[in-house]
Amino acid sequence: MHTVSPAIDKKRTLNRAIAASVVGNTLEWYDFFLYATAAALVFGDLFFPVGADPLVNTLVSFAGYAVGFAARPLGGLVFGHVGDKYGRKASLFWTLAIMGLATFLIGLLPTFAQIGIWAPIALVLLRVLQGIAAGGEWGGGVLLITENAPARREGLFGALSQTGVGLGFVLSTFAFYLAGLLPHDDFVSWGWRVPFLVSISIFGVGLFIRFRVSETSDFQAAEADAPLHAPLVEVLRKHPRELLVGIGARLAETCGSHLFVTFALAYGKAVGAEVDTLVLGVTLGMLADSLMMPVFGALSDRFGRRPVYMFGALAMAAFAYPFFLMLESGSTGVILLAFIIGNGLCHAAMIGVQPAMYSEMFSARVRYSGLAMAHEVSSLIVGFSPLIATALYAHYRSPIPVALFLGAICLISASSLMLWRHAR
């Protein structure tokens, strides 16, 4: 009888975990980021027409966008608990199912002109469901890989889980780029719905792949111990410093991503940049982000998590003002370069390190809850950053206050990293 060697079996398990994490994350975040692009481009006028100034409508639209981030800690709490008690697979099945259904329904919603106030109410409720699903997804997708990765290569392999996040954004913005090629009236009346509706056809692919993956080795080992009734309580009791470090460190990455992508679309429109150039810029920037994540993850295996992450936070603070100046340039090449540098260098240096860094902060029995809460509480804190940035620009009509806001957040993250006792 033919038997598979342990080394081959372990490699097969890792490959399936990588596929399940990357493909599942790509589909999940494709759905989540569709809202971000639509909020910047069309939702303000279609669902939140509160005034004659399009910038004000976009401002209100970003408030609805931020609600999804407010719901993410709830998703992290619920699905972190499920993932630590019942397994990573069970949690990831439900997050993908909820996200797929909510996104499809957004594509079917009537607009404010058709059903009045019920349109923005329904949109915000579906955004809440998206936020809950996203809050539970990130930690599980990370752990599928990091808990199966070879020793001393957790940074490289862990970063692969994040490429799904970047690729999801690339797919979502590219979908809107294609939809935007329609005549303007067609895009506004029905074209924007297509990217949301087609998500249902790829939803089953993610579920199929995730059904085939095994539970992680770390979870199976932790399951042999007495089960914890409240993993989050254990996180608060045994890992309070790590939780605070994780929350603080992620603020720069999250805030920078929102401003270099979502707010940048609205800002670029306001200063006269072509919408198709902006969407292409975001697409190229996130593609560069996805390609560079494993590079920075591998660098963190060699030089340590904290130095690489610190570089990303300080580089983002330094690049904040030049980024907005480049969007004002009117040059297609300069605008595209701004997105590539901001996302492919500054942002990638942080998000590529996060999976391994956060996994090392918490013990296996409570790791899903610890990762989820550190990740999602920070999302709640800076989830309103596109709203804040839009309000600052609407008031001052200058990018300087926005750049100073982002710079201050980056310095908070850099300071938080210094509090990590057992940093690699």
Side-chain angles (χ1 to χ4, degrees), residues 11 13-34 36-37 88 92 95-96 99 133-134 136-150 153-175 199 202 205-206 209-210 213 216 250 253-254 256-258 260-262 281-302 305 308-309 311-312 316 339-359 371-372 375 379:
K11 183 177 180 180
T13 299
L14 177 60
N15 289 338
R16 286 185 176 180
I18 292 172
S21 179
V22 174
V23 174
N25 267 340
T26 299
L27 301 180
E28 182 104 8
W29 290 98
Y30 166 83
D31 289 351
F32 189 75
F33 286 138
L34 280 179
T37 307
R88 314 324 190 196
L92 289 171
T95 59
L96 191 59
M99 180 67 80
E137 166 70 22
W138 187 84
V142 163
L143 294 181
L144 276 184
I145 296 181
T146 59
E147 291 187 342
N148 284 308
R153 300 185 70 189
E154 296 92 346
L156 169 62
F157 284 99
L160 294 176
S161 68
Q162 296 300 84
T163 63
V165 180
L167 291 174
F169 206 112
V170 169
L171 287 178
S172 68
T173 53
F174 186 64
S199 67
I202 56 179
V205 176
I209 292 175
R210 287 193 168 172
V213 73
T216 69
R250 188 169 178 263
E253 177 266 311
T254 310
S257 177
H258 293 330
F260 284 178
V261 176
T262 306
V282 169
T283 302
L284 293 177
M286 292 305 292
L287 182 59
D289 202 357
S290 298
L291 294 174
M292 290 300 295
M293 287 174 195
V295 174
F296 285 110
L299 288 173
S300 76
D301 285 331
R302 181 168 183 178
R305 316 293 184 215
V308 178
Y309 203 103
F311 164 79
M316 181 169 283
F339 283 107
I340 291 171
I341 294 174
N343 294 286
L345 182 67
C346 306
H347 183 254
M350 291 182 282
I351 196 171
V353 179
Q354 275 181 14
M357 185 174 86
Y358 281 38
S359 295
L371 263 71
H375 194 267
S379 293

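Please read these numbers as outputs of a predicted model, since none were measured by experiment. When reading the values below, keep in mind they use all heavy atoms of this one structure, side chains included, and skip hydrogens, waters and symmetry mates.
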Inset, instruction - Run the numbers on F260 and I341 for side-chain contact (heavy atoms from CB on, under 4.5 Å), then give the verdict. - result: CA-CA 10 Å; F260 284 178; I341 294 174; over 6 Å; no
Inset, instruction - Evaluate the side-chain proximity of E253 to Q354: yes if any heavy-atom separation is below 4.5 Å, no if none is. - result: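 Result yes, sub-4.5 Å side-chain heavy-atom pair found.
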Legend entry - Min side-chain heavy-atom separation I351-M293 under 4.5 Å: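 Side-chain contact under 4.5 Å: yes.
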Write down the atom of [X], the atom of [Y], and the distance for their closest heavy-atom approach.
X: I145; Y: F157; value: CG2-O, 3.1 Å
X: H347; Y: S257; value: NE2-CB, 3.5 Å
X: S290; Y: L167; value: OG-N, 3.2 Å
X: S379; Y: R250; value: OG-NH1, 2.6 Å
X: S199; Y: Y30; value: CB-CE2, 3.8 Å
X: L156; Y: D301; value: N-OD2, 3.0 Å

Inset, instruction - Please work out which of the three classes, parallel, tilted or perpendicular, describes the rings of W138 and H375, given edges at 30° and 60°. - result: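 Correct class here is parallel.
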Inset, instruction - Measure the spacing between CG of D289 and CG of L284 and express it to the nearest 0.5 Å. - result: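 D289 atom CG to L284 atom CG measures 12.5 Å (nearest 0.5 Å).
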Inset, instruction - Report the distance from atom CG of L160 to atom OG1 of T146, rounding to the nearest 0.5 Å. - result: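 One finds 11.5 Å between CG of L160 and OG1 of T146.
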